[in-house]
Amino acid sequence: MLRQVAEGVLIHQSEFVQSNAVVVQGRAGVLLIDPGVHGREMACLANDLSELGQPVVTGFSTHPHWDHLLWDDRLGAAPRYGTARCAANARDQLSDGVAQVAQSGGIPEQVPLDLLGLITGLPAEMAQIPWDGPQVRIIEHQAHARGHAALLIGERGVLVAGDMLSDVLIPMLDLNDTADPIEDYLAALRLLEGVAGDVDVLVPGHGSIGGADQVHARIDQDRAYVHALRDAHVPSDPRVGPSATYGKDWLPGVHARQLQRLARRSERDGTPG
Ligand SMILES: [Zn+2]
């Protein structure tokens with residue numbers, strides 16, 4: 001079921017971690033961002049789009065995590081893009097085959113993996129998605145995952161935030177081979193803050209759509225969480241607190257693991273030799 005969130009911008013929310021697929025209407029068809037998760041959901045989306053007479057002409061993955069790299073053949077054979085870093089990272093992950101990714105990632109069975117990660121990297125100097133529709137600006141940053149991109153659809157006042165600015169998920173830092181994940185995350189939040197004035201509708205990768213009033217609130221909330229992680233304070237963050245409405249059984253664990261890994265890093269960095 002597609003839901004319009006701005007003129008010519010529709011979303012389809014998955015049962016899997018409230019993942020949002022985003023459809024942007026162009027002149028000859030649609031741009032599809034992070035298509036979805038379960039096979040039957042993508043099939044339903046493909047069906048809805050064909051009923052609307054809107055073929056998918058371009059695909060985009062916001063970052064190289066499996067739940068954002070999926071595709072279904074019923075969506076057609078449009079070119080699929082990501083940032084150059086995102087595509088390179090997806091290729092690395094797939095170098096030992098899809099089965100290997102499936103084993104390590106805890107991917108549910110209903111997820112079709114045949115077309116996982118088959119994206120083309122856009123050159124770093126390309127500031128917009130190449131397609132025939134409203135301009136979509138690529139705001140690349142190094143928080144959460146390699147080559148993570150937020151997308152600003154300026155004409156529609158929509159910010160597609162990828163896996164940031166969620167009302168249900170805490171910031172999840174990229175702690176793999178990164179020099180300064182805390183500063184990377186804070187820098188990314190500053191970048192998003194820089195465009196916040198142009199945003200009427202905020203679409204996070206997971207969770208609910210936010211209005212203009214939510215943009216700064218969610219940036220502040222994510223920043224406060226990252227500061228708490230940095231300073232090893234207990235975060236007063238509703239997403240992992242007693243009033244959390246989502247992920248009560250697993251998000252506190254994610255938080256604890258992030259704290260632990262950051263503590264181990266600082267011990268390591270503080271040890272001579
Ligand atoms: Zn992710």
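Counting from 1, the numbers follow the sequence of the chain as shown. Order of appearance sets the numbers: ligands from 1, and atoms from 1 within every ligand.
- Among the heteroatoms counted here (N, O or S) of D163, OD2 is the one nearest to the Zn ion (ligand 1).
- The pair R137-D198 does not meet the salt-bridge criterion, since no charged nitrogen lies less than 4.0 angstrom from a carboxylate oxygen.
- If you look at H65 and ask which of its N, O or S atoms sits nearest the Zn ion (ligand 1), the answer is ND1.
- Between H141 and H148, the ring-plane angle classifies as tilted under the 30° and 60° cut-offs.
- Using cut-offs of 30° and 60° for the angle between ring planes, the H68 and H63 rings count as tilted.
- Residue H144 counts as close to the Zn ion (ligand 1), with an N, O or S atom under 2.8 Å.
- Not one N or O on the side chain of H38 forms a donor-acceptor pair closer than 3.5 Å with the backbone of V111.
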